[in-house]
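The next block holds one structure in the form of structure tokens; read it before the comments.
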Amino acid sequence: MDFRSSDTVVGPRSADLLPASATTAVKVVIVGGFGVGKTTLVGSVSEIRPLTTEETMTQAGAGVDDIAGVERKTSTTVAMDFGRISLSDELVLYVFGTPGQERFWFLWNGLFEGALGAVVLVDTRRLEVSFDVIGRLEDRGVPFVVALNTFPESPAYPTEELRTALDLPPEVPIVACDARTRESGRDVLMTLMRYLYRLSAPPAG
Amino acid sequence: MSAPGQEWDENSPERLYVITRGRSGLAEQTTFDLVTLIVSRSEPEPSMQPEHAAILRLCGAPLSVAEISAYLRLPISVVTVLLADLLAEERIEARSAVPQAILPDRALIEAVMHGLQKL
Ligand SMILES: Nc1nc2c(ncn2[C@@H]2O[C@H](COP(=O)(O)OP(=O)(O)OP(=O)(O)O)[C@@H](O)[C@H]2O)c(=O)[nH]1
Ligand SMILES: [Mg+2]
């Protein structure tokens, strides 16, 4: 990324401008292992060509304390793909797709903070990459649904077998999807919203 | 043409430090979410820092902090520092993202579902 002098900054195409009435924006985060289809999902649901934002993360270096006891800091740039869906004249949904380096997602506080929830995209050929991210979402209290991205060679497991393998509580929805199609991506987001709606129900009695 | 390796690294820490005048952006991040919508309230002026002017030009229509970062090719923490300057001078309006408690508001979720149904 480099800053372009202000005269040469290319902004949104006029077809991509939000109406002046847009007042509220919400966000959802798509997480999952390397190459599982996050960018594809963002692109298929987005009304704009997906964009990339970045943040510079500073992390205290692990195990590299020098003699003086001063922790060395390492700095990493984390890039994030995102897309946008206008839901009404006032309400806009942004969908963020995390990049491959899982350990940095959760350092980016502003990413999950304020998010409605998350989608864990899973490739059934590589279930193990999802364990860490599911654990971290649970630790943070971020509500999530699991979407199984269907690749041609992906083994199909019964949902309950996957639930056991991923150690998911019974209420967490698991749905199959094809990240390449808009309808399927939309259905995944809808599944998340229905789940959030159920979670937000006032306690009975 | 400069030789490879001699180019000014556009996103070097030093350059970002100059743009933000050394501010980290940590304080500003509590004011601006990635999806806070920004709208310009004034025209850019020639005397302004170019990055400030660029933001005012971009935000004729509402634009999220993340989109501003993408179009300007600057990290979020740098953009939020610039936005805080503009907000302090009342040159922009910030339409804040809905602060989420642990669980989001039911009416908001309903509105999102309604919008998704129409896609
Ligand atoms: N068959 C099939 N292929 C898919 C699907 N989703 C994504 N792909 C393909 O899988 C590859 C990786 O998809 P990406 O969307 O780039 O994955 P990603 O999770 O963003 O990858 P990283 O950002 O590198 O972690 C691409 O070649 C996609 O075309 C799907 O639902 N079905
Ligand atoms: Mg990707």
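Just so it is clear, the values below take in all heavy atoms, side chains as well, and ignore hydrogens, waters and symmetry mates.
To the nearest 0.5 Å, the span separating CD on B/Glu45 from CZ on B/Arg91 amounts to 4.5 Å. Note that the CG atom of A/Leu148 and the CG atom of A/Asp178 stand 12.0 Å from one another [nearest 0.5 Å]. A distance of 9.5 Å separates CG in B/Leu74 from OG1 in A/Thr53, rounded to the nearest 0.5 Å.
Looking at B/Glu93, there are no atoms closer than 4.5 Å to chain A (heavy atoms on both sides), in backbone or side chain. Both the backbone and the side chain of A/Tyr197 come within less than 4.5 Å of a heavy atom of chain B. Of the atoms belonging to A/Pro19, it is backbone heavy atoms, and not side-chain ones, that fall under 4.5 Å from chain B. For a residue to count as touching a neighbouring chain, one of its non-hydrogen atoms must lie under 4.5 Å from one of that chain's; by this rule B/Val112 touches chain A with backbone and side chain alike.
Without hydrogens or angle criteria, A/Arg163 side chain to A/Ile174 main chain gives no donor-acceptor distance under 3.5 Å. Looking only at distances, a side-chain donor or acceptor of B/Ser40 sits under 3.5 Å from a matching main-chain atom of B/Cys59. Within the 3.5 Å criterion, the main-chain N or O of A/Ala179 finds a donor-acceptor partner in the side chain of A/Asn149.
In terms of heavy-atom pairs under 4.5 Å with chain B, the best-connected choice from A/Leu17, A/Thr56, A/Leu91 is A/Leu91. Annotation: maximal heavy-atom pairing with chain B below 4.5 Å, among A/Arg84, A/Arg182, A/Arg194, occurs at A/Arg84. Among B/Ala61, B/Ala66, B/Gly60, the residue with the largest count of heavy-atom pairs under 4.5 Å with chain A is B/Ala66.
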* Asked: Between A/Leu51 and B/Tyr71, does a side-chain contact (heavy atoms from CB on, under 4.5 Å) hold up when you go through it step by step?
  -> CA-CA 8 Å; A/Leu51 296 168; B/Tyr71 289 122; 3.8 Å; yes

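Checked by atom type, the side-chain pair B/Ser69/A/Glu54 shows no donor-acceptor distance below 3.5 Å.
Using cut-offs of 30° and 60° on the angle between ring planes, the pair A/Tyr94 and A/Phe82 is tilted.
Against chain B, the residues from residues 184-192 of chain A that qualify, each with a non-hydrogen atom under 4.5 angstrom away, are A/Arg186, A/Leu189, A/Met190 in number order.
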